[in-house]
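Taking it in order: structure first as structure tokens, then the write-up.
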Protein chains: 2
Amino acid sequence: MDDWLKDSDEVGPSWLTVDLAIFTLRDDQLMVLLVERGLDPFHGMPAMPGGYVQKNETLRDGALRELAEEAGIDGSRLHLEQLGAYADPGRDPRGRVVTVAYLALGPDLPAPVGGTDAARAFWAPAAHLEDGTLTLAFDHQAILTEALEEVRRKIEYTAAATAFCAETFTLRDLRTVYQVIWDQQLDPSNFRRKILNTTGFVQPTGDQWLPPTGRPAALYRRGQAWLLNPPLLRATTTGSRG
Amino acid sequence: MDDWLKDSDEVGPSWLTVDLAIFTLRDDQLMVLLVERGLDPFHGMPAMPGGYVQKNETLRDGALRELAEEAGIDGSRLHLEQLGAYADPGRDPRGRVVTVAYLALGPDLPAPVGGTDAARAFWAPAAHLEDGTLTLAFDHQAILTEALEEVRRKIEYTAAATAFCAETFTLRDLRTVYQVIWDQQLDPSNFRRKILNTTGFVQPTGDQWLPPTGRPAALYRRGQAWLLNPPLLRATTTGSRG
DNA sequence: GCAAAAGTGTTCACTCTACACCCATGC
DNA sequence: GCATGGGTGTAGAGTGAACACTTTTGC
């Protein structure tokens, strides 16, 4: 890290961007936010929201700013976490562009409204990332596919699923998050016990929610725990569990 | 990501480096590789091995090259994985330097020998990262502390522990890895069953290893599985498990 | 035989799953 | 009452921790 000044032929400057993998649940589907590119390269193609990091700005601050600018979303109430850096020499035709991908998870986020760049933003089903329906700019297809798998794994070991719920939520709401993301049904009674036996996962508010029909459901909010102990493992076809 | 050219006042170029968190087991201790800095800033202080990424080089290739240059280690046989990007504006007094940290795990690596920069390299006990014994350059203390916690978590959910073992190893060798990294004793018989019941974790070679005293032990090599299913959870004081 | 370490068996408690059952609400 | 969904109970299978026991080597 010492001598990058003396050998600028081989090293050279690079440009730093953040790109956002924003997931939410809408209509019982996992959705990802995309923007349509307005400039070359990849003009007109869908891409991850993102942009350059400014001087004197941390990566996280840059991600929060882009969240507001490109997606019209106030990031202060959603979960934001770094996924990784992507910097392959050929990934951007304009030169060495390093992008740091961030994962953002939020409750049923609004349809992006006009404003700055948000007019070009739209929600797409996350399933389309894996079935070949979508073709994205740069290496964004690969990044988002990794992000999607990370989400599926993350809700096993952490309380990340609560990030998809509103401030208060019923256990049914939380269960729906798991069912949609894992695409598998979960037994309501056993799910209930698992969650409540995992200390710090959720805490009861004391309030109730009245469904259109049926018994009222207790409301909860996120607990203080983030790492789940024990984790909430999804059923797998492979592996030694039934 | 479109318009970074037109607003160079606020954006500006950055410099891209990779830094390495290299862990190994030596004398039943988890050790981390450090180098003594030969230049300002932080002249004379210990730091992570690392350096700038060259043009037309992927991050991974840069990490492998620095592994050879700064640590004298052939990276082809050890586990290498990206940890994350660090780019806080103040982290390097010379300007915006983005570093991508890589985690490298290997079996009892040799003491670094003279060569290029490797003469300044040395192994330090990983425990010193957390007890205040060490003071490192830049934000390397924080990066390595995160890396250490990541190692402890990683061997729960993945077969990363095998990366600390040689090509072939006994179950005792593998158990020692867990015991050292988690700093807790594990029951040999139960450990044995857990490992062998986790399909694809290890596979028997058919050979044996003869200990100085005692019954010969079967030798194994890594299996094809990376994600463990079920995971191998360490005992925690908190949490709902006994 | 003795010591040491590998490897097996067994017990007991706890956890997980499936599913029956009861409870609280709107109509 | 009936339908609907929340919430509890329970039997049986499975898992995990503790530890006794057997096996294989060197001396």
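Naming: A, B, ... by sequence-line order, numbering from 1 per chain. Any value given below was found using the heavy atoms of this structure, including those in side chains, with hydrogens, waters and symmetry copies removed. As the structure is a prediction and not an experimental result, all values here were calculated from the model.
Within residues 206-216 of chain A, the residues approached by DNA chain D to less than 4.0 Å at the level of any non-hydrogen atom are Thr213(A), Gly214(A), Arg215(A), Pro216(A), in residue-number order. Only Ser189(A), Asn190(A), Arg193(A), Lys194(A), listed by number, bring a heavy atom of residues 189-196 of chain A to less than 4.0 angstrom from any atom of DNA chain C.
Phe169(B) places its CZ atom 16 Å from the C1' atom of dA6(C), with the value rounded to the nearest Å. Nucleotide dT17(C) holds its P atom 10 Å from the CG atom of Leu186(A), rounded to whole Å. Regarding Gln184(B), its CD atom lies at a distance of 11 Å from the P atom of dA18(D), rounded to whole Å. Distance, Asp173(A) CG to dG7(D) P: 11 Å, rounded to whole Å. Residue Leu232(A) contributes atom CG, which lies 12 Å from atom C1' of dC16(C) at whole-angstrom precision. Note: CG (Leu233(B)) to C1' (dC14(C)) measures 15 Å, nearest angstrom.
Enclosure of atom CG in Asp183(B) is not indicated, since only 12 or fewer non-hydrogen atoms of other residues, nucleotides or ligands lie within 6.0 angstrom. Heavy-atom contacts from other residues, nucleotides or ligands closer than 6.0 Å to CG of Asp131(B) number more than 12.
Side-chain atoms of Asp88(B) and Thr58(A) include no donor-acceptor pair closer than 3.5 Å. A donor-acceptor pair shorter than 3.5 Å cannot be found between the side chains of Thr176(B) and Asp173(B).
Within the structure, a side-chain polar atom (N or O) of Arg172(B) is placed less than 4.0 Å from OP1 or OP2 of dA6(C).
Note on residues 145-154 of chain B: pairs passing salt bridge (charged side-chain N to carboxylate O under 4.0 Å, His left out), not counting sequence neighbours, are Glu81(B)-Lys154(B), Glu130(B)-Arg152(B), Glu149(B)-Arg152(B), Glu149(B)-Arg234(B), Glu150(B)-Arg153(B), Glu150(B)-Lys154(B).
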Point to revise | Residues Tyr157(B), Leu228(B); criterion side chain to side chain contact (heavy atoms under 4.5 Å, CB included); working and verdict | key: CA-CA 5 Å; Tyr157(B) 302 120; Leu228(B) 298 187; 5.9 Å; no

Practice item. Show your reasoning for whether side chain to side chain contact (heavy atoms under 4.5 Å, CB included) applies to Thr199(A) and Asn229(A). Key: CA-CA 8 Å; Thr199(A) 51; Asn229(A) 209 276; over 6 Å; no

Practice item. Go through the steps to decide whether Val32(A) and Leu148(A) satisfy the test side chain to side chain contact (heavy atoms under 4.5 Å, CB included), and finish with yes or no. Key: CA-CA 9 Å; Val32(A) 61; Leu148(A) 175 55; over 6 Å; no

Check your understanding: Could you go step by step and tell me if Arg91(B) and Tyr86(B) meet the side chain to side chain contact (heavy atoms under 4.5 Å, CB included) rule?
Key -> CA-CA 8 Å; Arg91(B) 68 174 294 276; Tyr86(B) 298 82; 4.1 Å; yes

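Side chain of Asp187(B), nearest nucleotide from dG6(D), dG7(C), dA18(D): dA18(D). Distances were taken from every side-chain heavy atom of Ala217(B) (C-beta onward) to each of dA6(C), dG7(D), dC19(C); the shortest belongs to dA6(C).
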